[in-house]
Amino acid sequence: MNIHEYQAKQIFAKYGVPTPRGIIANTPEEAVANAQELGGKIWVVKAQIHAGGRGLGGGVKLARSMDEVKQLASEILGMTLVTHQTGPEGKLVQKVYIEEGADIVDELYLGVVLDRAKEMPVIMASTEGGMDIETVAHNTPEKIIKIAVDPSIGFQGFHGRELVFGLGITDPQEQNKLIKFAKALYQVYMDNDAEMIEINPLIKTGSGDFMALDGKMGFDDSALGRHPDIEAMRDISEEDADEREAGQYGLSYISLDGEIGCMVNGAGLAMGTMDTINYMGGTPANFLDVGGKANAETVAKGFEIILKNPKVKAIFVNIFGGIVRCDRIANGILEATKLVHVHVPVIVRLDGTNAPEAAEILRNANIPNVIAATDLADGAAKAVAAAKGE
Amino acid sequence: MSILVNKDTKVIVQGFTGKEGSFHAEQCLAYGTKIVGGVTPNKGGQEHLGLPVFNTVKDAVDTTGATVSMIFVPPAFVADAVMEAAAAGITLAVVITEGAPVRDMQAAKAFAVKHGMMTIGPNCPGVITAEECKIGIMPGSIFKKGHVGLISKSGTLTYEGANQVCREGFGITTAVGIGGDPIIGLSYKQLLKMFQEDDDTHAIVMIGEIGGDLEIQAAHYIKEHITKPVVAFIAGQTAPAGKRMGHAGAIISGSAGTAKEKMEALEAAGVRVVVSPAEIGKAVKEVLSK
C-alpha cells in the first residue's frame, strides 16, 4: 500500500525527520486559509497523487500571493495529472498540499528499501537530488551510495559516517544533522513495516538544515494488520476499482491491454499462461489468480470482472487441480456459466487429479461456447484461435 | 537417493490441530510421510490424527527425535514458529503459510541461519521426494519417482512442470517449492548444489519468476558449478513493471527483476531456457536424450 506525500510527512514529523510546514486542502478556499495560517511570502501548491514526476506534469507550483494560491489550487484540484508513473490516462487530483516555501541551497536523495539479495534494509543516498533515481543509477551508478543496515544491530555511528563522507559533507554540524536525519528515517522504515521510503529531494537550506521536501512511502501489505493507523491512510480512489473488487473475493487481478481473458489458479501459472498466450501470437487481457479455491462462486466472480473489459474476445480458464479435484472444478465452472452470462468462447483446461473425468463432464454438458482443452499448449492455442474468430 | 527428505525423515507439524494443518497432515500421512506428532500450545498431551500433540517444539523434538517441521501457523506467528523450531534443534523448517510480514521473515531467517537450520518458504507448496515423503500441500499423485530434480518459486508451476516431466516418461527425485516472497529460505543456489551432488538426479528443472535476482545468482552458480543439464522457465515475460503479480516478491522494480534479464543470464550459463511452461516436459526429454 502507498500513501500520499502529506501523509508520509506526518509520519516523518512523529520521528523528528524535519519537513517544511504544510497543511492539506480539499478546496481552493481551504488552500488560501492554509497559506494564511502558515504565513510567509511564498507557498508551494502540490497535487497529492500516488505517483512521481508531479512537478514535470504541472502538479507542483509556486505561489507568491493569496490570489495566486487560490488560482493555482483551483487549477490543480480536479485536474487529471499525467506523469511518467501514472500511465497515459493520468490521475485525478483531489487534494492539494499547501506548504511553506523553502530556501534551497542543495538537493540530495535519500531512501530506504529492502535489499532482497542482502536480506536487509539498505539506505540509498545520492548527491543528485531531484533527478529520477533510476536514471542516476543507470547513467552514473557511482553517484549512488548504498549502506545496508542489519536490523539486529540497527543504525550505528559507522553507517552515519559512511553516509556523510560518501555524500562529501564536511561541515561537522551538517554531518551531525544529516546522520540524525537518516537514523530517524531508518526507524520510520522499521517501526512501520515500510517497503520503501524515498525523499527526493532532501534539501539543504541556507541555514545548513536538512529537510524532506518530498516524501514517498510504500508499506508491506502483509504487515498492515498490525498498523491500523497506516491502514487508515489508505486512499481507495488511488486503487484500481476492479483490482480492489477482485481482492474482496480473494482473487488477485491485474488488467492488461490484450484480448484474451485469463483465469488461473496460482500466481506463477497465471503468469505462465499469459506468457504462453503471448508466445502463441495472442495477447493476454489480464492476470487473474483464483487461488486455491476455484469454486462456482469465485469462478463466476472472475468471469464478471474479466467481462467488464470490452476488449475481451475469449476467456482461457487454466486450472491445475491438485488437492481440489478437477471434476469438482468442472462442475463449478458449469455452474458459474449459469450465474454469469458469458458471451465469448471459454476455453477450459483442467489438468491434474481426475482430469479425464472433468473433461467428460464438460463434454456432456454440451454448452456451445465452452471448449475443452487437453493441456496448457492446446488450451492457449485454442484461446488464441477463438480470439481471432477462427 | 534424493535431497533434503526421504522415507525415514521424522516430521512434526506446527499448527497441527488447526484446519489447514490437520487437513494437510492427514494427506501427508496418507502419502507415507513419517509424521511423528505436532505442536499446538495448550493442547500438549492430547492426541490428534492418532499422534501426540506437544505444547512446544522442544518437547516434540525431545520426545520424537523429529528433525523436520512443517509450519501452518497464521501469518503473524510465522517468525515465532520458525525461530522456535531453530532453537529446538530442528534442521529443516518447511513454511507453507502465505502472508508473513517481510520484516518478521528477515529476522527469523537470520536466526535460523545462525542456528544452522534450513528453511523452505514461506508461501510455498513444500518439498516432496517422490513416492517417499511429502511435506507440504502438493498433490502427491503427480510426482512419479525418477531422476529429475525440480526447484520452483510457484506452486502450480511445480505441479505443471512435474506433470509434464512424468508424462514424457521421466520422473522426479525431489521437488522443492521455494516460495514467492521477497525473503525466502533455501534458494536455487543451495538446491542446485544438492541436486548436483545427488547421484540419482540426472537433470534439473528450475522455474523462476520476475522480481529480485535469485535466478541471476543461480545462473552464475550454474556456469561455475553445475554439470548436469538444467531446463528453466521464468514466469512473467508479459508482466507490467511496478505491479505485484500475486506473489509478494513477483514485482519488477524500476527496470530490475525482469524475466528477460533472467532468461538471458540463464541462457548465457548454458541453461535450456523455454519461453512457455508448456515446453518444460519436451525440453527435459531433449536434454536427457542428448
Side-chain angles (χ1 to χ4, degrees), chain A residues 85 113-114 116-117 119-121 133-134 137-138 150-152 190 193-196 220-226 252 254 256 258 264-280 283-284 287 289 291-292 319-325 351-353 375-380, chain B residues 23-24 27 75-76 98-104 106-107 109-110 125 137-139 141-142 152-160 163-164 180-183 207 209-214 217 233 235-240 242-250 253-255 259 275-279:
Chain A
Q85 287 184 358
V113 290
L114 173 73
R116 288 173 61 169
E119 300 182 337
M120 51 183 81
I133 200 67
E134 276 273 323
H138 184 262
D150 182 342
S152 68
M190 291 306 292
D193 281 292
E195 183 177 80
M196 171 277 292
D220 176 4
D221 290 328
S222 296
L224 283 173
R226 58 190 179 203
S252 171
I254 290 162
L256 304 168
V264 189
N265 66 331
L269 187 59
M271 282 188 273
T273 303
M274 287 157 40
D275 295 343
T276 306
I277 288 171
N278 179 59
Y279 174 55
M280 297 208 168
T283 51
F287 165 92
D289 173 10
I319 308 274
F320 199 102
I323 302 283
V324 182
R325 301 187 326 259
D351 212 332
T353 317
D375 59 24
L376 173 54
D378 181 47
Chain B
F23 177 77
H24 289 290
Q27 300 270 328
E98 178 176 2
V102 173
R103 189 182 62 177
D104 294 11
Q106 193 277 331
K109 187 184 173 187
I137 58 173
M138 62 288 272
S141 60
I142 55 172
S152 169
K153 276 186 179 174
S154 145
T156 36
L157 279 178
T158 306
Y159 316 158
E160 179 73 48
N163 198 42
Q164 287 181 30
D181 271 7
I183 291 184
I207 299 169
E209 63 190 26
I210 53 166
D213 75 338
L214 293 177
Q217 292 180 33
F233 169 69
Q237 297 156 56
T238 48
K243 285 277 188 185
R244 204 172 293 279
M245 306 301 281
H247 290 154
S253 317
S255 56
V275 231
S276 157
E279 317 223 307

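Below, read A as the first sequence line, B as the second, and so on, with proteins coming before strands; counting in each chain starts at 1. Small disclaimer: the values here were computed from a predicted structure and weren't measured.
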Answer key: most heavy-atom pairs under 4.5 Å with chain A among B:H247, B:K109, B:K153, B:M245 is B:M245

Tell me, side chain or backbone of A:D275 under 4.5 Å from chain B's heavy atoms, or both, or neither? both

Heavy-atom contact with chain A under 4.5 Å, split by part of B:S152: neither

Tell me whether A:D289 contacts the main-chain N or O of B:G246 through its side chain, where contact means a donor paired with an acceptor under 3.5 Å. no

Select one option (side chain, backbone, both, neither) describing which atoms of B:Q217 are under 4.5 Å from chain A's heavy atoms. side chain

Under 4.5 Å to a heavy atom of chain A? For B:P75 that would be neither

Derivation and outcome, side chain to side chain contact (heavy atoms under 4.5 Å, CB included), residues A:D351 and B:N163: CA-CA 9 Å; A:D351 212 332; B:N163 198 42; 3.5 Å; yes

Whatever's closer than 4.5 Å to a heavy atom in chain A on B:Q237 counts as both

Taking NZ, NE, NH1 and NH2 as the nitrogens, is one of them in B:D104 or A:R226 under 4.0 Å from a carboxylate oxygen of the other? yes

Quick test of your reading of the model: are A:E195 and B:R103 salt-bridged, counting only N-O distances below 4.0 Å? no

Relative to chain A, which segment of B:A100 carries a heavy atom at a distance below 4.5 Å: side chain, backbone, both, or neither? backbone

Are the side chain of A:E119 and the backbone N or O of B:Q106 linked by a donor-acceptor pair below 3.5 Å? no

